[in-house]
Amino acid sequence: MRVTVFTEPHRGADYEDQLRFAQAVEAGGFDGFFRADHYQSMGDAGLPGPTDAWLTLAALARETSRIRLGTLVTSATFRLPGPLAVMVAQVDRMSGGRVELGIGAGWYEREHTSYGIPFPAVGERFDRLAEQLEIITGLWRTPAGQTYSHAGDHYRLVDAPALPKPVQVPGPPVIVGGRGPKRTPELAARYADEFNMPFKSVEETAAAYERVREACDRTGRAESGRAPLVLSAGVVVAIGRTDAEARHRAAPLHVKSALPPEDPVVGSPAQLVDRLGEFAAIGATRVHLRLIDFSDLDHLELIAAEVLPQLDGIR
């Protein structure tokens with residue numbers, strides 16, 4: 001079981017907060033540091049304000065040496081696919097090949113309105129996401145010295161040089177995830193390296209995994225020679241050495257938010273180990289633990305000391 005830490009800087013974190021946390025993640029033995037790609041908090045305004053995900057990851061690429069770095073998830077509404085492919089490839093080179101691109105259709109209308117970002121209807125957003133996945137992976141896979149073109153309903157590329165090339169071949173791993181029952185599994189089966197079910201119960205996650213397995217069968221993923229999808233789960237975590245400590249860490253989970261209902265682990269390290277074992281039993285080989293407070297390095301250290309060592313036996 002690989003374990004990354006997932007953070008939400010839009011709740012209130014500047015670059016220095018994220019750097020301190022990412023370096024603690026690396027020192028603690030976690031697999032990676034991932035961050036949300038949002039320009040606005042879902043509740044009260046998070047101070048000091050938003051930080052751009054890929055600008056932040058580029059800096060962290062130069063200040064870490066081992067951990068994986070990525071987004072959960074970049075919104076397809078935020079950036080054009082050609083420049084995004086260039087951006088991610090460049091950060092991959094800056095990191096020595098440690099970057100992953102989590103990408104989704106976008107959902108939080110308020111941040112689009114606040115910053116003047118177009119927010120089409122949901123059907124068009126998924127159409128754009130599908131084209132972006134086709135374009136980004138196509139650019140990365142184009143051999144050096146050749147060009148890439150695409151003529152779609154929303155994007156048109158003509159003789160793109162498809163540069164720079166990322167370190168990872170054929171490109172950084174792509175993560176597609178979410179609760180959608182139809183288009184999300186299909187897009188994951190066709191384009192992704194990992195399918196992620198974020199912050200839901202084991203039962204709901206198992207149902208999502210079954211849908212994506214069926215989509216892989218329909219699209220002939222195995223017959224095409226592509227590797228099986230990595231199945232991952234997002235887990236909201238608030239644990240402590242005592243019940244009072246866990247409840248204190250869970251307090252932000254009760255603040256009103258635009259996020260859908262979640263299934264957090266609130267309690268002891270042993271409870272988190274048990275939950276990760278349940279996810280492993282349904283096929284998850286990776287988990288992304290969502291930690292809320294960037295200043296609470298003790299929370300991170302507790303998981304590193306009392307949870308990670310117990311995961312070697314989880315299969």
Side-chain angles (χ1 to χ4, degrees), residues 1-7 25 29-37 57 66-74 88 91-92 95 97-104 129-130 132-133 136-137 140-141 166-181 183-202 204-237 275-290 307-308 311-315:
M1 178 69 75
R2 293 184 294 149
V3 181
T4 77
V5 173
F6 168 64
T7 63
V25 167
F30 293 88
D31 182 60
F33 173 89
F34 282 67
R35 58 154 290 167
D37 189 1
L57 292 172
R66 179 190 58 78
I67 50 174
R68 308 292 296 176
L69 300 167
T71 50
L72 287 175
V73 295
T74 281
V88 178
V91 180
D92 194 52
S95 71
R98 294 183 286 123
V99 159
E100 304 185 26
L101 170 63
I103 186 168
L129 172 61
Q132 290 215 1
L133 286 163
I136 291 167
T137 57
W140 289 341
R141 286 176 167 81
V167 171
Q168 298 175 91
V169 178
V174 173
I175 304 170
V176 170
R179 306 165 185 86
R183 297 195 69 179
T184 298
E186 191 83 8
L187 291 173
R190 290 187 180 279
Y191 297 107
D193 301 284
E194 176 178 328
F195 172 79
N196 175 256
M197 182 61 163
F199 317 125
K200 305 301 284 186
S201 69
V202 175
E204 291 170 293
T205 302
Y209 288 175
E210 186 57 32
R211 291 193 293 268
V212 82
R213 289 186 184 107
E214 292 171 355
C216 287
D217 290 341
R218 286 195 305 272
T219 59
R221 183 184 177 99
E223 291 77 3
S224 69
R226 294 191 64 195
L229 270 174
V230 171
L231 299 176
S232 69
V235 186
V236 182
V237 177
R275 178 71 63 86
L276 300 188
E278 293 171 355
F279 278 120
I282 62 170
T285 58
R286 193 185 205 192
V287 291
H288 303 278
L289 305 183
R290 194 181 97 199
V307 176
L308 294 190
L311 301 184
D312 288 344
I314 289 181
R315 296 289 185 269

Between R98 (side chain) and I67 (backbone), is there a donor-acceptor pair under 3.5 Å? yes
Distance-minimising heavy-atom pair for F195 and A188: CD1-CB, 3.9 Å
Counterpart residues, side-chain contact (heavy atoms from CB on, under 4.5 Å), relative to V73 (two or more places apart): none
Please report the shortest heavy-atom distance between T71 and T74, naming the atom on each side. OG1-OG1, 3.3 Å
Test I136 against L101 for side-chain contact (heavy atoms from CB on, under 4.5 Å), laying out the working first. CA-CA 10 Å; I136 291 167; L101 170 63; 4.2 Å; yes
Evaluation steps, side-chain contact (heavy atoms from CB on, under 4.5 Å), between T4 and R68: CA-CA 8 Å; T4 77; R68 308 292 296 176; 5.8 Å; no
Only counting residues at least two apart or in another chain, list the ones meeting side-chain contact (heavy atoms from CB on, under 4.5 Å) with A36. F6, E8, H10, H38
Are D193 and V230 close enough that some pair of their side-chain heavy atoms sits under 4.5 Å apart? no
Using 0.5 Å steps for rounding, measure from the CZ atom of R290 to the CG atom of L72. 11.5 Å
Quick one: pull up CZ in F34 and CG in L289 and give me the separation to the nearest 0.5 Å. 12.0 Å
Closest non-hydrogen contact found for L229 with C216 is CD1-SG, 3.7 Å
When rounded to the nearest 0.5 angstrom, what distance separates CZ in F199 from NE2 in H288? 9.0 Å
Taking side-chain hydrogen bond (donor to acceptor under 3.5 Å, both in side chains) as the cut-off, I'd like each qualifying pair that reaches into residues 218-234, sequence neighbours left out, listed once. E186-R218, E194-S232, N196-S232
Spacing of D31 atom CG and R66 atom CZ [to the nearest 0.5 Å]: 7.5 Å
Between V202 and I282, the two heavy atoms sitting closest are O-CD1, 3.7 Å
Taking C-beta and beyond as the side chain, do L187 and L133 meet within less than 4.5 Å on heavy atoms? yes
Rounded to the nearest 0.5 Å, what separates atom OG1 in T7 from atom CZ in R35? 6.5 Å
Taking the side chain as C-beta and beyond, is there a heavy-atom pair between Y191 and V176 under 4.5 Å? no
Closest non-hydrogen atom pair between M197 and A208, with its separation: SD-CB, 3.8 Å
Run the side-chain contact (heavy atoms from CB on, under 4.5 Å) check on V307 and V3 step by step: do they pass? CA-CA 10 Å; V307 176; V3 181; over 6 Å; no
Do R213 and L231 touch side chain to side chain, with heavy atoms closer than 4.5 Å? yes
Shortest non-hydrogen contact from Q168 toward V99: NE2-O, 2.9 Å
Considering only heavy atoms from C-beta outward, does the side chain of L69 approach that of V91 to under 4.5 Å? no
Distance, nearest 0.5 Å, that separates CD of E100 from CD1 of I175: 4.5 Å
